[in-house]
Student: 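Here you go, one structure.
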Number of protein chains: 2
Amino acid sequence: MKTPAISLEALLVLDAIETRGSYAAAAEQLNKVPSALSYIVQKLEEQLNVTLFQRQGRRAVLTPAGKHLLSEGRKVLSAINTLSEQTQTIANGWEPKIRLACDSIMDIKTIFNGIEGFLAAHHSIEIDVQEQVMNGTWEALIDDRVDLVIGAPAPVPNQKGIRAIKIAQLNSVLVVNKAHELSLITQPIKLEQLSGYRNVVVHDSAQHQIPWSVNMIAGSQHFFVSSIAIKTAAIIAGIGIGYLPKNLIQDHIESGELIVIKLAEERPPQDLFMAWKITNKGKGLNKLITILSRC
Amino acid sequence: MKTPAISLEALLVLDAIETRGSYAAAAEQLNKVPSALSYIVQKLEEQLNVTLFQRQGRRAVLTPAGKHLLSEGRKVLSAINTLSEQTQTIANGWEPKIRLACDSIMDIKTIFNGIEGFLAAHHSIEIDVQEQVMNGTWEALIDDRVDLVIGAPAPVPNQKGIRAIKIAQLNSVLVVNKAHELSLITQPIKLEQLSGYRNVVVHDSAQHQIPWSVNMIAGSQHFFVSSIAIKTAAIIAGIGIGYLPKNLIQDHIESGELIVIKLAEERPPQDLFMAWKITNKGKGLNKLITILSRC
DNA sequence: CTTAATTGTTCAAATTATTTGAACATAACA
DNA sequence: TGTTATGTTCAAATAATTTGAACAATTAAG
């Protein structure tokens, strides 16, 4: 590969000239004299063999080629800045990117508050949040597709190298649409009575493992969806019945859109975990874990 | 914005050291002397305040920070190269480089004649020919890795923005090595009789799409190769049987190395296309298309 | 185990590249 | 029509990079 015709210095100069409107102002910003900029621009034009500025009188306007070079060049400059920050970050033991898997059953707001606090202190670390469902979270962790999972359901996979801490206890209740016939029954309902109704189920996002789903009502017809949000919408739309975490649907219950069904035997609360690999020694991950475990 | 700590020069040096394995070899590649590289690397490390190379004896291995800098830095370098080419294209309408993907099934000689004529008139335009196989050609075009594909097989992807013209019709024949037992049979052979023989197949070079391969003989064992030339060699070596374009193997047939098998039902001829994106307005590309479509 | 060849670094000297400031021409502006 | 500010040019000054020789360390070969 031959040496690049474009230099970062030159892009910086182009940017300054365009934003400040003149060579003189740009020179001041860059702590140089105008003739130095003249020299750099001429060199760049010569190397590319392209006219970048149309000299209209003494005002320099960018040609279409110059416009393109500048707008793309700014992206390169910003990439270089990010890169140098990330490199320094890594050198100090901090990772450039932390990947999270969040189960859709979690209340994401709380998590985001914690993440926001973390990002405020660590500007150059990128966070990549992906939503997974049930075993999908564990699998993403085991396959090293993510560094941290939040809200993964019990049981914790008994695989060495995974540290999990309980972060929430989930109380799921059976809910139906307000027009559903089950909402008319006032006595506690036995599980057997539910077998005739269509059950809205979140499909496990695990790719390799055999997916299972908790809370499934035996012997009834199933309607599979890909997240808790869609499940909620489906039940509100009257498509079927299903268990949902109480805290997530408080609004819908109060507004009367969803009706909580009293059961003869309540479902035991479900434990949710935050988990990571102990081999992952990243300082950023550890700090994030500390912050999030205080929520 | 302060002047960037990273320079493109330095990234280039990093890349050379890593790929060539030593300062000495890298210096040779960059037309410099080793001490110059030493100077540049030290400067970069000082500016970033980061150790990039761990000196193990005299072999330099990248630290994690160095690895990240290099892998991201390579993307920046490639972006800068693309940018300079795009800028030149916009400025004079003629692109500095045209990238072709040629299916290995094409007779490259004819193409090269046309390209030679084009280059005679346009000395300053570089041509970059890469060989692809089947869907690999289409994918390279769709992903903008090339500007023009030659000899891509039907069907033309029904994606808007692609213009394709038929440039050849390919008559494939089934051939075997002269010592192969199939060559002894004089009556036309039915397809079912072929199922016992090992079939030499060119592997699709598509990276993302689900690869398919035409001409595969159902129910037989496969031997995958990466180009038509290797396929021909494999069949001559007696590894298996396979379909090959008649015009490409005329010599081998006349010399008796390959025997054409008569089939009860001949394979229908296959259409080959030349294709490009209509968004690509480069004058060079258009002229090249004009020249090549007259072949 | 010893020798020979190669490698990366250091350093002062040599070479390039960039910056500077004065001089100038030209455009903007009152 | 002056007046001011601007961009360019040029030689000189300065800064940056490159060079090659010397050296120490490492590997390869005998």
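These numbers come from a predicted model, not from an experiment. Below, each value reflects all heavy atoms present in this structure, side chains not excepted, and no hydrogens, waters or symmetry copies. Chain naming here is simple, since letters A, B, ... match the order of the sequence lines and numbering starts at 1 in each.
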Student: Going by side chain to side chain donor-acceptor pair (under 3.5 Å), name the pairs with one or both residues in residues 275-287 of chain B, residues two or more places apart or in two chains.
Tutor: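 Matches after skipping sequence neighbours: B/His122-B/Lys287, B/Asp144-B/Lys277, B/Asp147-B/Asn280.
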Student: Expressed as a whole number of angstroms, how long is the span from A/Arg20:CZ to D/dG7:C1'?
Tutor: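 Taking CZ of A/Arg20 and C1' of D/dG7, I get 17 Å after rounding.
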Student: Go through the structure and list residues passing side-chain hydrogen bond (donor to acceptor under 3.5 Å, both in side chains) with A/Lys97, not counting sequence neighbours.
Tutor: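 A/Lys97: no side-chain hydrogen bond (donor to acceptor under 3.5 Å, both in side chains) contacts found.
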Student: For C/dG8 and B/Ser38 - does any side-chain N or O of the residue sit under 4.0 Å from the phosphate oxygens OP1/OP2?
Tutor: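 It does not, given that no N or O in the side chain of B/Ser38 lies less than 4.0 Å from OP1 or OP2 of C/dG8.
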Student: To the nearest angstrom, how far is A/Leu14 atom CG from D/dG7 atom C1'?
Tutor: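 One finds 16 Å between C1' of D/dG7 and CG of A/Leu14, rounded.
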Student: Any donor-acceptor pair under 3.5 Å linking the side chain of B/Gln88 with the backbone of B/Gly93?
Tutor: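 Here the side-chain-to-backbone pair does not exist.
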Student: Only counting residues at least two apart or in another chain, list the ones meeting salt bridge (charged side-chain N to carboxylate O under 4.0 Å, His left out) with A/Lys67.
Tutor: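 Listed in chain order: nothing, the list is empty.
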Student: Whole-Å distance between C/dG8 P and B/Leu30 CG?
Tutor: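 Computing the B/Leu30:CG to C/dG8:P distance gives 13 Å.
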Student: Output one letter per nucleotide in nucleotides 18-30 of chain C: B when a protein non-hydrogen atom lies under 4.0 Å from the base, S when only the sugar-phosphate is that close, - when neither is.
Tutor: BBBB-----BS--
Student: For D/dT6, take OP1 and OP2 only and decide whether either is under 4.0 Å from a side-chain N or O of A/Arg55.
Tutor: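 The answer is no; no side-chain N or O of A/Arg55 sits under 4.0 Å from OP1 or OP2.
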Student: Tell me, please, which residues at least two apart from B/Glu95 pass salt bridge (charged side-chain N to carboxylate O under 4.0 Å, His left out).
Tutor: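 With neighbours one apart ignored, the set is empty.
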Student: How bent is the helix from C/dC1-D/dG30 to C/dA30-D/dT1, measuring the angle between the end axes built from five pairs each, rounded to 10°?
Tutor: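 Inter-axis angle at the termini of the helix from C/dC1-D/dG30 to C/dA30-D/dT1: 40°.
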Student: Scan residues 81-91 of chain A for pairs that pass salt bridge (Lys or Arg N to Asp or Glu O under 4.0 Å), counting only residues two or more places apart or in two chains.
Tutor: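 Applying salt bridge (Lys or Arg N to Asp or Glu O under 4.0 Å) to every pair that reaches into residues 81-91 of chain A, excluding sequence neighbours, yields nothing.
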Student: If you only use heavy atoms from C-beta on, which nucleotide in D/dT6, C/dT10, D/dT9 is closest to the side chain of A/Gln42?
Tutor: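 Shortest atom-to-atom distance from the side chain points to D/dT9.
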Student: Go through the structure and list residues passing side-chain contact (heavy atoms from CB on, under 4.5 Å) with B/Glu46, not counting sequence neighbours.
Tutor: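 None.
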Student: Return the set of residues passing side-chain contact (heavy atoms from CB on, under 4.5 Å) with A/Ala65 (not counting sequence neighbours), or none when no residue passes.
Tutor: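 With neighbours one apart ignored, the set is A/Val50, A/Thr63, B/Thr87, B/Ile90, B/Ala91.
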